[in-house]
Amino acid sequence: MADCLFCKIIHGEIPSNKVYEDDKVYAFRDINPQAPVHVLVIPKEHITSVGAAEEADEATLAACLKACAKVAKLENVAETGFRVVSNCGDDACQSVHHLHFHVLGGKKMAENMA
């Protein structure tokens, strides 16, 4: 999608701090981190959110979740614990309408997520 911020990052039009990449997924550091480790995992295919997952290739969705685990290992939070979050829609504060997973870790997370 031509005007999508994350599509522009995938295509190298906007710089990012890459953490991981494969043929289906791109992962990079969030520019406004909410934890010591805050990496965004995005599919290279434009999918708007988990709410549109029915339209997505199952292999792409699986690749996203596998990449979250790989990022946690690369960032040394797999053993201590990490959180994976995906905001879906405006009321959930999804600011970029391209499916993305936040991998958060490096500190004790709050129990209240609302």
Side-chain angles (χ1 to χ4, degrees):
M1 184 168 269
D3 62 341
C4 173
L5 174 67
F6 289 170
C7 288
K8 289 179 180 180
I9 288 172
I10 291 165
H11 293 106
E13 298 170 30
I14 296 175
S16 65
N17 189 344
K18 180 171 71 170
V19 174
Y20 174 80
E21 182 177 15
D22 64 27
D23 61 325
K24 293 192 176 289
V25 175
Y26 187 80
F28 59 100
R29 297 194 191 289
D30 194 295
I31 61 169
N32 185 25
Q34 304 299 305
V37 171
H38 189 167
V39 176
L40 300 177
V41 174
I42 62 175
K44 290 183 175 179
E45 172 188 352
H46 184 86
I47 303 164
T48 57
S49 73
V50 171
E54 292 176 357
E55 302 164 12
D57 175 50
E58 290 177 11
T60 298
L61 297 173
C64 287
L65 293 178
K66 288 180 178 183
C68 289
K70 289 176 184 176
V71 164
K73 287 180 185 174
L74 290 170
E75 295 293 307
N76 298 310
V77 295
E79 296 298 320
T80 57
F82 62 98
R83 182 172 286 167
V84 177
V85 178
S86 185
N87 301 323
C88 303
D90 294 335
D91 283 355
C93 299
Q94 182 182 6
S95 58
V96 178
H97 294 276
H98 182 122
L99 175 63
H100 57 285
F101 298 90
H102 298 259
V103 178
L104 302 148
K107 71 174 190 175
K108 173 79 172 150
M109 298 289 171
E111 290 190 30
N112 182 355
M113 294 190 348

#### Entry: Those residues that, when tested against Thr48, pass side chain to side chain donor-acceptor pair (under 3.5 Å) (two or more places apart)
none

Show me, pair by pair, the donor-acceptor contacts under 3.5 angstrom made by side chains of residues 62-77, not counting sequence neighbours?
{"from": "Lys70", "atom 1": "NZ", "to": "Tyr20", "atom 2": "OH", "distance (Å)": "3.1"}
{"from": "Glu75", "atom 1": "OE1", "to": "Arg29", "atom 2": "NH1", "distance (Å)": "2.9"}
{"from": "Glu75", "atom 1": "OE2", "to": "Arg29", "atom 2": "NH1", "distance (Å)": "3.4"}
{"from": "Glu75", "atom 1": "OE2", "to": "Arg29", "atom 2": "NH2", "distance (Å)": "3.1"}

### Task
Measure the CG-OG1 distance between Asp23 and Thr60 for me, rounded to the nearest 0.5 Å.
8.5 Å

### Task
Working to the nearest 0.5 Å, report the span between OG of Ser95 and NE2 of His100.
5.5 Å

### Query
Is it true that Phe28 and Ile14 fall in one hydrophobic cluster, defined by side-chain heavy atoms closer than 4.5 Å?
yes

### For Asp57, salt bridge (charged side-chain N to carboxylate O under 4.0 Å, His left out) partners two or more places apart
Lys24

### Message
Restricting to non-hydrogen atoms, name the atom on Leu61 and the atom on Leu99 that form the minimum distance, rounded to 0.1 Å.
### Response
CD2-CD2, 3.9 Å

### Residues forming a salt bridge (charged side-chain N to carboxylate O under 4.0 Å, His left out) with Lys44, sequence neighbours excluded
Glu21

### Query
Quick one: do Ile42 and Val50 end up in the same hydrophobic cluster if we chain Ile, Leu, Val, Met, Phe, Trp and Tyr together by side-chain heavy atoms under 4.5 Å apart?
no

### Message
Going by side chain to side chain donor-acceptor pair (under 3.5 Å), name the residues that satisfy it together with Asp90, two or more places apart in sequence or in a different chain.
### Response
His97

### Query
In Å, rounded to the nearest 0.5 Å, how long is the span from CD1 of Ile31 to CD1 of Ile9?
7.5 Å

### Summary
His46 and Cys7 have their tightest heavy-atom pair at ND1-SG, 3.4 Å

### Task
Verify, without hydrogens or angle tests, whether His98 (side chain) and Pro43 (backbone) share a donor-acceptor contact under 3.5 angstrom.
yes

### Task
Check the hydrophobic clustering (I, L, V, M, F, W, Y; side-chain heavy atoms under 4.5 Å; chains of links allowed) and say if Leu40 and Ile10 are grouped together.
yes

#### Entry: For Cys93 against Asn87, the heavy-atom pair lying closest together
O-ND2, 3.9 Å

Name each donor-acceptor pair under 3.5 Å that joins a side chain in residues 101-114 to protein atoms two or more places apart or in another chain, with its distance.
{"from": "His102", "atom 1": "ND1", "to": "His38", "atom 2": "NE2", "distance (Å)": "2.7"}
{"from": "Asn112", "atom 1": "OD1", "to": "Ala114", "atom 2": "N", "distance (Å)": "2.9"}

### Query
Do you reckon Ile47 sits in the same ILVMFWY cluster as Val25, going by side-chain contacts under 4.5 Å, direct or chained?
yes

### Query
Is Phe82 close to Val37 at the side-chain level, that is, under 4.5 Å between some pair of heavy atoms?
no

### Task
Please indicate whether Glu13 has more than 12 foreign heavy atoms, meaning atoms of other residues, nucleotides or ligands, lying under 6.0 Å from its CD.
yes

